[in-house]
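Read through the structure below, which is laid out as structure tokens, and then see the notes.
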Amino acid sequence: MAGEDDRYRKIGGFDQDEVVDGYIIYSQAKDRVHFLNPTAAIVLELCTGVLTALEIAEVVQRTFSLPQTPIGPVRDCLATLLSEGLIETCGTS
């Protein structure tokens with residue numbers, strides 16, 4: 001499970017196309033297509049190895065003017081991106 005202090009970065013080796021409602025990503029290594037909604041696309045782009053999961057959730061909160069930080073949904077999204085091989089962990093703060 002994704003922890004609040006964990007940092008993540010995108011993994012290379014996949015083709016990424018922006019579409020109206022998010023991203024379509026083709027993973028050559030897994031021969032698999034992924035459809036990311038706009039929120040998941042934002043989370044993926046924030047996986048640069050700099051921000052923690054909590055900081056990513058705070059950016060999502062500001063982006064969508066949410067009343068509270070969506071740490072649970074962002075952790076779930078990060079866990080899915082991780083399990084699908086689109087991101088990797090790169091340490092904690």
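What you see is a predicted model; the values in this text were computed from it and never measured.
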Should [X] and [Y] be regarded as members of a common hydrophobic cluster, given that ILVMFWY residues are connected when their side-chain heavy atoms come within less than 4.5 Å of each other, either directly or indirectly?
X: Val74; Y: Leu82; result: yes
X: Leu78; Y: Val59; result: yes
X: Val19; Y: Tyr26; result: yes
X: Phe64; Y: Leu51; result: yes

Just how far is it from atom [atom1] of [X] to atom [atom2] of [Y], taken to the nearest 0.5 Å?
X: Ile25; Y: Leu81; atom1: CD1; atom2: CG; answer: 7.5 Å
X: Ile11; Y: Leu86; atom1: CD1; atom2: CG; answer: 7.5 Å
X: Glu58; Y: Thr63; atom1: CD; atom2: OG1; answer: 11.5 Å
X: Ile56; Y: Ile42; atom1: CD1; atom2: CD1; answer: 11.5 Å
X: Thr80; Y: Arg75; atom1: OG1; atom2: CZ; answer: 13.0 Å
X: Glu84; Y: Leu44; atom1: CD; atom2: CG; answer: 12.0 Å

Heavy-atom pair of closest approach, residues [X] and [Y]:
X: Pro70; Y: Val60; value: CG-CG1, 3.9 Å
X: Gly49; Y: Cys90; value: CA-SG, 3.5 Å
X: Arg9; Y: Thr89; value: NH2-O, 4.5 Å

Consider only side-chain N and O atoms of Gln61 and Thr69, and report whether a donor and an acceptor are under 3.5 Å apart.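 Note: Gln61 and Thr69 side chains meet the donor-acceptor criterion.
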Output, in order, the C-alpha distance, side-chain angles, deciding distance and verdict of side-chain contact (heavy atoms from CB on, under 4.5 Å) for Glu45 and Tyr23. CA-CA 11 Å; Glu45 289 304 318; Tyr23 284 165; 3.1 Å; yes
